[in-house]
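This report refers to the structure that appears directly beneath it.
We count ligands from 1, going down the list as the structure has it; atoms in each ligand are counted the same way. Numbers here simply count residues along the sequence, with the first being 1.
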Amino acid sequence: MTSRDNCLKLDVDDPLAFARARFRIPDGIVYLDGNSLGALPVTTAARVADVIGREWGGDLIRSWNKADWIGLPLRVGKRIAPLIGAGEDEVIAADSTSVNLFKLAAAALKHQSPRRVILTERENFPTDQYVLQGLDSLLGSAVELRTVAREELLEALNEDVALLALTHIDYKTGAIHDMATISAAAHKVGALALWDLSHSAGAVELSLNRDGADLAIGCGYKYLNGGPGAPAYLFVARHLQEKLVQPLSGWMGHAAPFDFSDRYSPASGMLRFLSGTPVVIGMAAFEEGLKTFDGISMRDVQAKARALGDLFLSLVEEQCSDAGFIIGCPRDSSKRGSQVCLRHSEGYAIMQALIAGGVIGDFRAPDVMRFGFAPLYTRYVDVFDAVAKLADIVHREVWREERYRISAAVT
Ligand SMILES: Cc1ncc(COP(=O)(O)O)c(C=O)c1O
């Protein structure tokens with residue numbers, strides 16, 4: 001049996017314990033949803049206030065140069081690079097994950113012509129599927145989208161495939177793909193490998209260059225702590241940068257935007273993957289969020305992510321074995337990201353009761369309760385308290401109250 005005191009001791013010995021002070025976590029809340037929206041870094045409010053009050057209010061348009069607003073996409077990209085095992089010149093922040101997927105998938109497809117197949121998996125996050133479907137319907141016979149089950153992916157990789165587009169860590173189950181093996185299999189048949197890192201960056205140790213990723217995208221608002229609706233980012237391996245031209249060829253991706261030429265000519269390097277004007281306030285908040293990783297070892301982050309997930313699952317097995325939960329994520333922590341999931345037919349109501357009790361996770365239809373452990377601020381004792389609350393809710397059947405069945409727009 002794991003006691004609360006054991007967990008407090010684990011927190012004392014935690015090499016990342018100091019990082020929790022970098023966040024504002026409300027008293028009385030156990031926050032297990034950093035896999036969906038990262039907590040607020042303590043410095044973000046002042047930074048955003050400064051951008052608005054001094055840079056915008058005082059310096060007005062001069063801040064594009066004076067405060068280097070124009071440099072934000074590359075500057076933010078440089079901060080992301082070491083977290084994902086990429087070179088500083090291989091990452092840029094821009095747009096949303098969905099838009100970046102469109103840009104890179106279209107660019108890859110053109111580069112790989114006459115190949116025209118994009119291969120993905122049925123379990124991929126909906127926006128990834130929808131964007132690829134959109135590209136399919138836009139380009140007609142120039143593209144064929146093949147969507148197969150996860151276990152059929154390797155078999156479906158053949159010499160027709162232009163691009164393999166996958167999400168590295170599954171948004172529901174937390175299951176992790178073997179990036180090195182799958183990228184190598186793609187390369188063997190001449191396909192490019194594109195990875196959505198939305199549930200990976202800031203949660204597990206990544207090495208995009210070592211593991212052969214060609215392209216990657218990801219969002220800023222989960223483990224990277226960029227704030228609600230934060231800009232996203234994209235990665236293009238150095239050897240491909242000058243070979244790809246993306247279709248949202250706006251002026252910010254032009255070689256000389258302030259020449260105002262009437263012909264598009266792409267910038268060199270990552271700048272060509274920009275489209276329009278960066279969202280300055282959101283970029284500044286994102287930059288601040290990334291500072292929470294200063295001095296942090298991603299190896300420590302990954303080790304703690306695994307330990308927190310294991311602790312959660314073993315406490316659920318100890319305390320809730322009679323409650324009808326099915327463990328919906330890999331039990332082996334090396335095969336999972338920094339989240340676990342429990343499946344239950346009353347999962348929605350149970351999650352609402354938990355949230356009302358101060359333990360915040362989320363729910364994904366039809367029956368998945370997700371619990372994310374952002375290693376920079378989640379403590380072992382939080383996990384203990386969360387499972388104790390969960391056990392109380394299921395044993396006393398608190399979730400049966402009518403108010404926990406009302407469905408909200410965002411789950
Ligand atoms: C794997 C994955 N990709 C993309 C997104 C969202 O994309 P966007 O930032 O464009 O809304 C999410 C959101 O949770 C996600 O989990």
Task: Shortest non-hydrogen contact between A86 and N209, atoms and distance - done: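 Of all heavy-atom pairs spanning A86 and N209, the closest is CA-ND2, 3.7 Å.
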Task: Heavy-atom closest pair, residues T97 and S198 - done: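 Between these two residues, the closest heavy atoms are CG2-OG, 3.8 Å.
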Open item on the list: A side-chain contact here means heavy atoms from C-beta on lying under 4.5 Å apart; do E287 and L72 qualify?
Closed with: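 Heavy-atom side-chain distance check passes, below 4.5 Å.
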Task: Pairwise side-chain contact, L153 with L157, heavy-atom cut-off 4.5 Å (strictly under) - done: no
Short list, please: which atoms of ligand 1 are under 4.0 Å from a heavy atom of [X]?
{"X": "T167", "result": "1 (C)"}
{"X": "S96", "result": "10 (O)"}
{"X": "D128", "result": "3 (N), 4 (C)"}

Open item on the list: Under 3.5 Å between any N/O of Y171 and any N/O of ligand 1: does that happen in this structure?
Closed with: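 N/O-N/O distance under 3.5 Å: no.
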Task: Min N/O separation Y221 to ligand 1 under 3.5 Å - done: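 Right, the criterion is met.
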Provide, to 0.1 Å, the distance between [atom] and the closest protein heavy atom, together with that atom's residue and name.
{"atom": "atom 1 (C) of ligand 1", "value": "D196 OD2, 3.4 Å"}
{"atom": "atom 10 (O) of ligand 1", "value": "S98 OG, 2.6 Å"}
{"atom": "atom 14 (O) of ligand 1", "value": "K222 NZ, 2.6 Å"}
{"atom": "atom 7 (O) of ligand 1", "value": "T97 CB, 3.5 Å"}
{"atom": "atom 16 (O) of ligand 1", "value": "H199 NE2, 2.7 Å"}
{"atom": "atom 12 (C) of ligand 1", "value": "F125 CE2, 3.4 Å"}

TODO: Would you please classify the geometry between the F373 ring and the F312 ring as parallel, tilted or perpendicular, with 30° and 60° separating the classes?
DONE: tilted
TODO: Over 60° means perpendicular and under 30° means parallel, so classify the ring planes of W69 and W64, tilted if in between.
DONE: perpendicular
TODO: With sequence neighbours left out, write down each residue that passes side-chain contact (heavy atoms from CB on, under 4.5 Å) with A307, or none if nothing qualifies.
DONE: Y380
- [ ] State which residue, out of F23, Y223, F18, fulfils the ring-ring contact (aromatic ring centres under 6.0 Å, His included) condition with Y377.
- [x] F23
